[in-house]
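The structure under discussion appears below in the form of structure tokens.
In what follows, chains carry the letters A, B, and so on, assigned in the order in which the sequence lines appear, proteins first and then strands, with residues in each chain numbered from 1.
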Amino acid sequence: MIARLLLGLAALFLVAFLLSPDSFAWLFRPLTSNNAPAIYTQTSLLSLTLSHLGLVALAVIASTIVAVGLGILVTRPAGREFLPLARTITSVGQTFPPVAVLALAVPVMGFGAGPTLVALFLYGLLPIFENTLTGLTSQPPDVTEAARGMGLTRRQRLWQVELPLALPLILAGIRLSAVISLATATIGSTVAAKTLGEVIIAGLLSSNTAFVAQGGLVVGLLAILIYEGFQALESRGARRMGTAGR
Amino acid sequence: MTDLASPAGTASTPAISRPGLLFAALGFVGLVVPLVQFKANRIVLGEGVLLPGALGAAGWLLAAAFAVGLLAGISARLDYRLRLLIGCAGVVAALLALGATAQALTPPDNNMARVAPATGFWLLMLAFALMATDALSRMHLSLAQRWLMLAGAGVVIGAILWSGWLDGVSVMREYAARKDLFWREAWRHLILAFGSLGAALVVGLPIGIGIYQSPRLRRPVLGVLNILQTIPSLALFGIMIPIFGWIAANVPGAASAGIAGIGIFPALVALFLYSLLPVVSNTLVGLNGVSPAARDAAFGLGMTEAQVLRGVLLPLALPVIIAAVRIVLVQNIGLAVIAGLIGGGGFGTFVFQGLNQTAMDLVLLGALPTIALALIAGIALDLLVEALDRHKPERTEA
């Protein structure tokens, strides 16, 4: 209960701060020195936040579609041949540091939002794919057996039984991927993508702690809110499956 | 587990391995796009050069050999061991071909010209590495054999690098220009990754044991650590700088104890904070996973609480705790790159310097060792976890 209240307050504060950053200048004033500005004004914080979230959303939606699609593919009879390979690639691929993926996308894509988007997409694939695989391959055999016994076709089994059962796990994968993407997008500003990292880096370059703090605060709050939001969705999905299964 | 080779749909085409077809497609694209890029200096855009274009007749021969290897992989009847061999040979050959083209293309008296690996090289590497990985994932090797494979791969790649065959390649030229700095930053990177891991173990294990013994503390402790883990790395790294700068300036004795707002210290602390959650939560999961029977038996033998903890609980929880070490180490090796952005050193220095100068070879010099380090750490610790798990067949996972 207290946790939910705190989350609500955090969300409220975030919205208020983004809509009117200047009214919070007093909060960041103590962190500045030599009369440096307390609020980042080069680009409006709101537009940076929106473009940051836009990048993350675009990448996560794309990775979700591709990863869930691939996950379904390799668990069907036609794609089973790829399953061991797919497992190895996801476990090895996740050891690749996101920052390195971002840096390596630059030679291919040039600077700007492009490499960030590609890195976010590629890195976001893995957790979702892994969780889709786990969700689709570790289903209680009696349930799938029952579905088959009811005379459901393969397609019906997939849509009405297997995917709903795997949904909480898939959502957990999307949550992981969204949180990682949010962090990686921050670093995307080093390759000239328009994200909140710009504020933090501007603060680091000009030793203006206020900038670092407000950039960090906004990204941190966004991450926590997204994380908690997905977790609420997951437990709701799991609860529904739990009652539906019984 | 079980081989589900072709229960239904694929029975009509048993002669073709579909993964093999995919690898061959990747590899053939790799053969027809430029293998390397020739650049007049390190910053300008280069022009692509194909294998035959660089090596003439030998290049054609080599390309043909690559093609034969890729085509062989399509056959489903090919033995996995042979497939693995072709994959490994292909990776080595691609590396050697890269070195040879670099030597052939660089004019002898030219220090400015660069030969950088291009799409073709990366695709060939990818195709053969995937072929080897695919074979490996179906071979069910023993642990010892997999340790040997890891060591063998390290030795072969180390030998190729050490032999100087690749010295003409752009990344190695960047390395040659800053050899001392490279090893210093490598050392820094290791200190960042392992130092934060060590600190997290020293602090996290007692916390994990503590919340195991007093369940009421579990939710708040894990909740706080969860939030820490969620904060994006750049933000956390950035916030550490002013905090420690302030501490160094205002707390007497702090500065002389090595605490500073710049340098390695803020990065180390940020990584430490990220490492706490996996260590604490896995310690808890590992301790919870110990069967009550084993615990009661130990108490029945008259052991004290501390003896049970040290002699029974912790050893039985060890595989799960080592699994946390794997998560933390791989994560920290990657995150330590960001230290380069706040002056904390490590391979990230090269990555961000390279991005600033648009010198992609320099980016590679930072990114490739980081990836290699993370891969080795990940694979080695996976093997370790498996070895420990195998020693304790009676353990039951939750």
Side-chain angles (χ1 to χ4, degrees), chain A residues 3 31 76-89 91-92 94-104 106-108 111 179-180 182-187 189-192 196-197 200-201 203-204 207 209-213 215-224 226-228, chain B residues 4-10 17-19 22 116 119 130 133-134 136-138 223 226-227 229-239 241-242 245-246 330-331 333-338 341-343 347-348 351-352 354-356 358 360 363-364 366-368 370-371 374-375 377-379 382:
Chain A
L31 296 174
R76 300 306 102 188
R80 283 267 175 186
E81 243 182 309
F82 287 93
L83 189 56
L85 179 70
R87 284 224 162 96
T88 318
I89 290 179
S91 78
V92 171
Q94 291 191 60
T95 59
F96 275 55
V99 195
V101 178
L102 178 66
L104 293 182
V106 171
V108 188
F111 284 85
V179 170
I180 296 173
L182 207 69
T184 313
T186 321
I187 303 158
S189 62
T190 58
V191 298
L196 284 163
I200 300 174
I201 289 175
L204 289 175
S207 323
T209 310
F211 287 178
V212 177
L217 190 71
V218 174
V219 189
L221 282 180
L222 283 176
I224 292 166
I226 289 178
Y227 183 95
E228 295 294 336
Chain B
L4 295 152
S6 51
T10 55
S17 148
R18 292 190 195 187
L22 174 70
T119 321
L130 282 178
T133 315
D134 183 42
L136 269 179
S137 63
R138 291 159 192 266
N226 230 326
I227 288 179
Q229 185 92 10
T230 318
I231 298 174
S233 41
L234 187 59
L236 192 62
F237 275 74
I239 286 172
I241 296 180
W246 186 86
V330 169
Q331 171 188 296
I333 289 172
L335 284 177
V337 173
I338 298 165
L341 202 55
I342 60 162
F347 288 130
V351 172
F352 292 112
L355 286 176
N356 277 339
T358 61
M360 288 312 143
V363 174
L364 284 179
L368 291 181
T370 314
I371 291 175
L375 271 182
I379 296 174
D382 273 344

Indicate yes or no: at least one non-hydrogen side-chain atom of [X] is less than 4.5 angstrom from one of [Y].
X	Y	answer
A:Leu104	B:Leu364	yes
A:Leu222	B:Pro232	no
B:Thr358	A:Phe111	yes
A:Pro97	B:Ile371	yes

Would you give the length of the straight line joining atom [atom1] of [X] to atom [atom2] of [Y], rounded to the nearest 0.5 angstrom?
X	Y	atom1	atom2	value
A:Ile180	B:Gln331	CD1	CD	9.0 Å
A:Phe82	B:Leu22	CZ	CG	5.5 Å
A:Ile200	B:Leu236	CD1	CG	10.0 Å
A:Ile89	B:Asp134	CD1	CG	8.5 Å

Which of the residues [options] is involved in the greatest number of heavy-atom pairs with chain A at under 4.5 angstrom?
options	answer
B:Thr370, B:Val351, B:Leu375	B:Leu375
B:Gly348, B:Ala235, B:Ser137, B:Gly343	B:Ser137
B:Val330, B:Ile231, B:Leu136	B:Val330

So what's closer than 4.5 Å to chain B heavy atoms on [X]: side chain, backbone, both or neither?
X	value
A:Val92	both
A:Ser91	backbone
A:Val179	side chain
A:Thr186	both

Passing option when B:Ile241 is tested against A:Leu204, A:Val212, A:Thr209 for side-chain contact (heavy atoms from CB on, under 4.5 Å):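 By the side-chain contact (heavy atoms from CB on, under 4.5 Å) criterion, B:Ile241 pairs with just one of A:Leu204, A:Val212, A:Thr209: A:Leu204.
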Candidates A:Thr190, A:Val219, A:Ile201 - the one meeting side-chain contact (heavy atoms from CB on, under 4.5 Å) with B:Leu234: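 So, applying the side-chain contact (heavy atoms from CB on, under 4.5 Å) to B:Leu234 and each of A:Thr190, A:Val219, A:Ile201, only A:Ile201 qualifies.
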Sort [X] into side chain, backbone, both or neither according to what part of it lies under 4.5 angstrom from a heavy atom of chain A.
X	answer
B:Asn356	neither
B:Phe352	side chain
B:Leu130	both

Specify the closest pair of heavy atoms between A:Glu81 and B:Ser17, including all atoms of both residues, with the distance to one decimal.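 Heavy atoms of A:Glu81 and B:Ser17 come nearest at OE2-CA, 3.6 Å.
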